[in-house]
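Reading through the structure tokens given below for one structure.
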Amino acid sequence: MKSLRFQLLLICAFFFGQKTISWAQAVSEKKLQGGVTGSVGLNFPKMGTNLLGSSAGFSSSFGVSFTKASKESQNIALTGGIEFDIDRINYNVSDQDVFYRFTDKQIKTNDQTVSTDQVFNLKNRTYEPLYLALPIGLTFRTDFIGDYRGIFRFGLRNRFLLTNTVDDEGYIVPFAGSVLGAAEENLGMKASKDLFFYNANLGVSAGVEWNFSGSTCLVAEVGYNYGFMPLHLTSKEENYTLFYIDGTTLDETYFRNQATLNQLTLKLTLLF
């Protein structure tokens, strides 16, 4: 009886092994894979001005992805997709007081200000932009070892701004003769000419592809995106929104919010 059980166990293991190998072979022979993808991570703004500082923020994305193997080798593939990026970008004010003018929910640019605008003394700011991302890159893959193979990617992530809101903490500057009140929040503010419409970063990642059922695979990867494009419009002074006041002359000086964005991400992709 024990011998029979052992033989049945060997037979089951043989057929399972054959099925696993056939699955891996089927996936390794596919030229095109497509599926859904999502990621979470951290944002690390790199500042180009001493007037503002930064802290880590949260990032996430979701969308669809494809991988197309090259004609010469299954180990090299073109990767792309359409994704939506949701970011939280955090800034804080350093030693120098920083201000902006606003009316209702609209933050005013230098050339939009009028005498009835309110003035806000900024202390902390969080941007919440939504981007349409069109990533493209190359993937290098090992051969399958059982159900698994290693992957390494690098490429360019093109991002186009769809919407943006700004949440601020600070103080509303009082009118002459009034007293500075408690700290306030300006939530859901709009700054229409602040973030640059196009943003891009260079990304590298490494991970594992798991062929867990038929031709269905789960890819897990850790990546780093290096931002080399400016986050904010910086070419025209009339579009600046932030200013500081000279302590001697009391002149208002508008300045650029210079920053790029680096990201550390954990990404999962389900391919069919």
Checklist entry - Can Phe196 be reached from Leu156 by stepping across I, L, V, M, F, W or Y side chains whose heavy atoms are under 4.5 Å apart? => result yes

Checklist outcome for this item: Value for OG (Ser192) from CG (Asn239), rounded to nearest 0.5 Å, stands at 8.5 Å

Next on the checklist: Any heavy-atom pair between the side chains of Tyr244 and Leu51 that's under 4.5 Å?
Outcome noted: yes

Item to check | Interatomic spacing from OG in Ser39 to CD1 in Ile86 - rounded to 0.5 Å | outcome: 10.0 Å

Checklist entry - Among Asp143, Thr139, Thr142, which residue meets the side chain to side chain donor-acceptor pair (under 3.5 Å) test with Asn75? => result Asp143

Item to check | Atom CD1 of Ile82 with >12 non-hydrogen neighbours under 6.0 angstrom | outcome: no

Next on the checklist: More than 12 heavy atoms of other residues, nucleotides or ligands under 6.0 Å from NZ of Lys236: yes or no?
Outcome noted: no

Item to check | Check: Leu138 and Arg153 side chains under 4.5 Å, non-hydrogen atoms | outcome: no

Next on the checklist: Apply side-chain contact (heavy atoms from CB on, under 4.5 Å) to residues Asn124 and Tyr91 and explain how you reach the verdict.
Outcome noted: CA-CA 6 Å; Asn124 295 290; Tyr91 297 131; over 6 Å; no

Checklist entry - When hydrophobic residues are tied together by side-chain contacts of less than 4.5 Å, even through go-betweens, does Leu132 share a cluster with Met229? => result yes

Checklist entry - Within a reach of under 6.0 Å around CG of Asp246, are more than 12 heavy atoms found that belong to other residues, nucleotides or ligands? => result yes

Item to check | Qualifying residue for side chain to side chain contact (heavy atoms under 4.5 Å, CB included) with Ile107, from Leu242, Asp117, Asp168 | outcome: Asp168

Checklist entry - To the nearest 0.5 Å, what is the distance between OG1 (Thr116) and CZ (Arg101)? => result 11.0 Å

Next on the checklist: Atom CZ of residue position Phe160 - does it have more than 12 heavy atoms of other residues, nucleotides or ligands inside 6.0 Å?
Outcome noted: yes

Next on the checklist: Keeping Asn211 on the side-chain end and Gly214 on the backbone end, is there a donor-acceptor pair under 3.5 Å?
Outcome noted: yes

Checklist outcome for this item: Nearest heavy-atom approach of Lys105 to Gly188 is CD-O, 3.8 Å

Checklist entry - Which pair of heavy atoms, one from Leu271 and one from Ser65, lies closest together, and at what distance? => result CD2-O, 4.3 Å

Item to check | CZ on Phe102 to OG1 on Thr241, rounded to 0.5 Å | outcome: 13.0 Å

Next on the checklist: Under 4.5 Å between side-chain heavy atoms, counting indirect links through other Ile/Leu/Val/Met/Phe/Trp/Tyr residues: same cluster for Leu134 and Phe197 or not?
Outcome noted: yes

Item to check | Side-chain donor-acceptor contact under 3.5 Å, Asn158 with Tyr198 | outcome: yes

Next on the checklist: Before you tell me yes or no, could you show the steps for Tyr254 and Phe243 under ring pair (Phe, Tyr, Trp, His ring centres under 6.0 Å), namely the whole-Å CA-CA distance, both residues' side-chain angles and the distance that decides it to 0.1 Å?
Outcome noted: CA-CA 4 Å; Tyr254 281 81; Phe243 65 91; 5.1 Å; yes

Item to check | Close side-chain approach of Thr103 and Gln118, heavy atoms under 4.5 Å | outcome: no

Checklist entry - Do Ser59 and Arg88 have side-chain atoms, one donor and one acceptor, less than 3.5 Å apart? => result no

Item to check | Over all atoms of both residues, closest heavy-atom pair of Gly81 and Phe66 | outcome: N-CE2, 3.8 Å

Item to check | Side chains of Asp97 and Ile245 in contact at under 4.5 Å (non-hydrogen atoms) | outcome: no

Next on the checklist: Thr126 vs Asn90, test: side chain to side chain donor-acceptor pair (under 3.5 Å). Steps then yes/no.
Outcome noted: CA-CA 5 Å; Thr126 299; Asn90 299 324; 3.0 Å; yes

Checklist entry - Salt bridge or not for Glu83 and Lys267, using N-O below 4.0 Å? => result yes

Next on the checklist: Can you tell whether the side chains of Asp85 and Arg159 come within less than 4.0 Å, N to carboxylate O?
Outcome noted: yes

Checklist entry - When you look at CZ of Phe255, are more than 12 heavy atoms from neighbouring residues, nucleotides or ligands closer to it than 6.0 Å? => result yes

Next on the checklist: Working to the nearest 0.5 angstrom, can you tell me the gap between Thr67 OG1 and Gln33 CD?
Outcome noted: 6.0 Å

Checklist entry - Are the ring centres of Tyr240 and His232 closer than 6.0 Å? => result no

Item to check | Beyond-backbone contact of Arg157 with Ser61, side-chain heavy atoms, under 4.5 angstrom | outcome: yes

Item to check | Worked verdict on Thr260 versus Phe228 for side-chain contact (heavy atoms from CB on, under 4.5 Å) | outcome: CA-CA 6 Å; Thr260 56; Phe228 63 93; over 6 Å; no

Next on the checklist: Test side-chain contact (heavy atoms from CB on, under 4.5 Å) on Thr49 and Arg256; report intermediate values, then the result.
Outcome noted: CA-CA 8 Å; Thr49 174; Arg256 315 175 186 194; over 6 Å; no

Checklist entry - So do the side chains of Tyr171 and Phe120 get within less than 4.5 Å of each other, counting heavy atoms only? => result no

Next on the checklist: Please check: side-chain N/O of Gln112 versus main-chain N/O of Thr109, any donor-acceptor pairing under 3.5 Å?
Outcome noted: yes

Checklist entry - Can you find a heavy atom in the side chain of Asn199 that is under 4.5 Å from one in the side chain of Tyr131? => result yes

Checklist outcome for this item: Rounded to the nearest 0.5 angstrom, the CD1-OG distance for Ile76 and Ser70 is 5.0 Å

Checklist entry - Side chains of Leu261 and Asp87: does their closest heavy-atom pair fall under 4.5 Å? => result yes

Checklist entry - Is it true that a side-chain atom of Ser54 and a backbone atom of Pro45 form a donor plus acceptor pair closer than 3.5 Å? => result yes

Next on the checklist: Check whether Asn121 reaches the backbone of Val98 with its side chain - one donor and one acceptor, N or O, closer than 3.5 Å.
Outcome noted: yes

Checklist entry - Is it the case that one hydrophobic cluster holds both Val222 and Val219, taking links as side-chain heavy atoms less than 4.5 Å apart, direct or via other members? => result no

Item to check | side chain to side chain donor-acceptor pair (under 3.5 Å) between Asn186 and Tyr100, intermediate numbers included | outcome: CA-CA 12 Å; Asn186 271 358; Tyr100 66 80; 3.1 Å; yes

Checklist entry - What closest approach, in Å, do Gln96 and Val93 show between heavy atoms, and which atom pair accounts for it? => result O-CG1, 3.1 Å

Next on the checklist: For the backbone of Gln74 and the side chain of Lys31, can you confirm whether one donor and one acceptor N or O come within less than 3.5 Å of each other?
Outcome noted: no

Item to check | Path from Phe272 to Leu32 over hydrophobic side-chain contacts below 4.5 Å | outcome: no

Checklist entry - Is any side-chain N of the basic residue among Lys123 and Glu169 closer than 4.0 Å to the acidic one's carboxylate O? => result no

Item to check | Residue pair Leu78, Ile136: steps toward the side-chain contact (heavy atoms from CB on, under 4.5 Å) verdict | outcome: CA-CA 7 Å; Leu78 177 69; Ile136 187 169; 4.0 Å; yes

Item to check | Backbone of Leu268 reached by a side-chain donor or acceptor of Thr37 within 3.5 Å | outcome: yes

Checklist entry - Is the backbone N or O of Phe58 less than 3.5 Å from a side-chain atom of Asn43, with the two atoms forming a donor-acceptor pair by type? => result yes

Checklist entry - Met189 and Asp104: which non-hydrogen atoms are nearest, and at how many Å? => result CE-O, 3.6 Å

Item to check | For Val208 against Ile151, the heavy-atom pair lying closest together | outcome: N-CG1, 4.2 Å

Checklist entry - Does the Ser94 side chain pair with the main chain of Asn50, one donor and one acceptor, at a distance under 3.5 Å? => result yes

Checklist entry - Hey, does the side chain of Asp147 reach the backbone of Phe212 with a donor-acceptor pair shorter than 3.5 angstrom? => result no

Next on the checklist: I'd like to know if the side chain of Thr265 and the backbone of Gly41 have a donor-acceptor N/O pair within less than 3.5 Å.
Outcome noted: no

